[in-house]
Amino acid sequence: MKNNYSVGQASSASNLTTKTTIFYFSGTGNSLWAARALARELGNTEIISMVDWDVNRHNIDSQLIGLVFPVHIWGVPKRVLEFLDQLPAMSPEYIFAVANNAGQVSNTLVQLHKVMKTKGLVLSSGWSVVMPSNYIPWGGPGSSEKQNELFAEARIKISNIVREISLRVKMPVEKGPLWQRIVFTWLYKLSFPHIPKMDEKFWVDQRCNQCGLCIQLCPSKNIIMQDEKLVWQNHCEQCLACIQWCPQEALQYGKKTPAYSRYHHPEVKVKDLLKIN
Ligand SMILES: Cc1cc2nc3c(=O)[nH]c(=O)nc-3n(C[C@H](O)[C@H](O)[C@H](O)COP(=O)(O)O)c2cc1C
């Protein structure tokens with residue numbers, strides 16, 4: 001039987017202390033939480049926001065590189081693609097990815113693998129971690145019992161991922177069923193050019209007290225205050241940080257969000273994202 005898995009030379013426990021750099025992107029903290037959980041177990045790991053990272057300021061000297069980010073519309077978010085564009089040529093020992101999603105990783109990690117290949121980068125392994133959904137236009141994150149179940153499963157998965165990283169396991173990336181990859185990849189390609197203007201559906205109800213948190217949180221500086229009104233400027237990334245973190249729950253998207261619960265990872269605080277973004 002063909003074995004698609006391979007275990008690298010670096011398989012001793014001492015390799016757990018090899019310096020790791022994890023680059024992450026996160027709207028509501030799931031990916032930041034996952035990056036922190038990985039870092040805790042890997043040890044000697046620095047965590048850098050893809051939003052904050054500047055090729056001119058940060059050297060990458062780690063042999064272990066991780067990319068941790070959410071799945072957006074069944075594919076790789078624009079921010080992650082732009083981050084990859086900026087990466088200098090490099091050949092670390094091992095690059096891994098963790099795509100956080102709400103149950104439909106679809107073709108995301110295959111897409112990442114292909115994009116990286118065009119840049120001369122080798123994705124050694126890629127895992128899907130399922131977390132509560134932050135895609136509020138389709139509903140809330142589910143009951144707290146369901147969320148806790150997902151967090152418990154995510155913790156176990158992350159420990160397994162760390163074990164495989166420490167063994168430098170190289171394996172095909174995790175992916176969804178074929179039908180999903182065909183249909184949803186087509187939808188991703190169709191939607192992708194329209195993402196910047198999807199912010200046209202945001203609106204603000206009477207609870208907005210103009211605290212400006214949404215402006216500070218937006219990774220693409222897409223929200224401004226004009227004549228005491230919030231204005232989205234059509235370069236949205238759809239991370240949904242603005243609507244999910246609004247302390248007044250005054251931001252809305254389309255018709256249904258007034259009825260839906262807001263979500264952010266319970267162990268991530270807004271200051272964690274502000275500090276790094
Ligand atoms: C615009 C958008 C699109 C999304 N598309 C998908 C998707 O295609 N498949 C999926 O399983 N989850 C999808 N999600 C859910 C997120 O991937 C998931 O909740 C993730 O854990 C959020 O991570 P974050 O808190 O780090 O941003 C989407 C979320 C957003 C905001």
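All values derive from a computational prediction rather than experimental measurement. As the structure lists them, so they are numbered: ligands from 1, and atoms in each ligand from 1.
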### Query
Under 3.5 Å between some N or O of ligand 1 and some N or O of Y135?
no

### Task
Compute whether any side-chain donor of one residue and acceptor of the other, for D199 and N234, lie under 3.5 angstrom apart.
yes

### Message
Parallel, tilted or perpendicular: which one describes the rings of F96 and Y94, with boundaries at 30° and 60°?
### Response
tilted

#### Entry: Region of H72 that comes within reach of ligand 1 [heavy atoms, distance under 4.0 Å]
both

### Query
Parallel, tilted or perpendicular: which describes the rings of Y253 and F202, with under 30° parallel and over 60° perpendicular?
perpendicular

### Task
Give yes or no for whether the N/O distance cutoff of 3.5 Å, strictly under, is met between G75 and ligand 1.
no

### Message
Under a 4.0 angstrom heavy-atom cut-off, which atoms of ligand 1 come close to S31?
### Response
23 (O), 24 (P), 26 (O)

### Query
Any idea how W33 and H265 line up, ring-wise: parallel (<30°), tilted (30 to 60°), or perpendicular (>60°)?
parallel

Identify each donor-acceptor pair in which a side-chain atom of residues 65-81 lies under 3.5 Å from a protein atom, sequence neighbours left out, and give them as a table.
unit_1 : atom_1 : unit_2 : atom_2 : d
W74    : NE1    : Q104   : OE1    : 2.9
K78    : NZ     : E82    : OE2    : 3.1
R79    : NE     : E237   : OE1    : 3.2
R79    : NE     : E237   : OE2    : 3.2
R79    : NH2    : P219   : O      : 2.9
R79    : NH2    : E237   : OE2    : 2.6

### Query
For residues T21 and E46, is any side-chain donor paired with an opposing acceptor at under 3.5 Å?
yes

### Task
Using distance alone, decide if ligand 1 has a nitrogen or oxygen within less than 3.5 Å of any nitrogen or oxygen in A102.
yes

### Query
For ligand 1, is there an N or O atom under 3.5 Å from any N or O atom of G103?
yes

### Task
Return yes if a side-chain donor-acceptor contact under 3.5 Å exists between E164 and S125, otherwise no.
no

### Query
How does P132 reach ligand 1, if at all, at less than 4.0 Å between non-hydrogen atoms: by side chain, backbone, both, or neither?
backbone

### Task
Report the member of V268, I73, N107, N134 with the shortest heavy-atom distance to atom 18 (C) of ligand 1.
N134

#### Entry: Proximal atoms of ligand 1 relative to T28 (non-hydrogen, under 4.0 Å)
24 (P), 25 (O), 27 (O)

### Summary
Closest to atom 6 (C) of ligand 1 by heavy-atom distance, out of L32, L240, V71, is V71

### Message
For residues 177-190, which residue pairs pass the side-chain hydrogen bond (donor to acceptor under 3.5 Å, both in side chains) check, not counting sequence neighbours?
### Response
Q111-Y188

### Query
Short list, please: which atoms of ligand 1 are under 4.0 Å from a heavy atom of S133?
19 (O)

### Message
Please work out, at 4.0 Å between heavy atoms, whether the side chain, the backbone, both, or neither of N30 comes within that distance of ligand 1.
### Response
both

### Task
Considering the heavy atoms of S26, write down every atom of ligand 1 situated less than 4.0 Å from one of them.
24 (P), 25 (O), 26 (O), 27 (O)

### Query
Under 3.5 Å between some N or O of ligand 1 and some N or O of Q238?
no

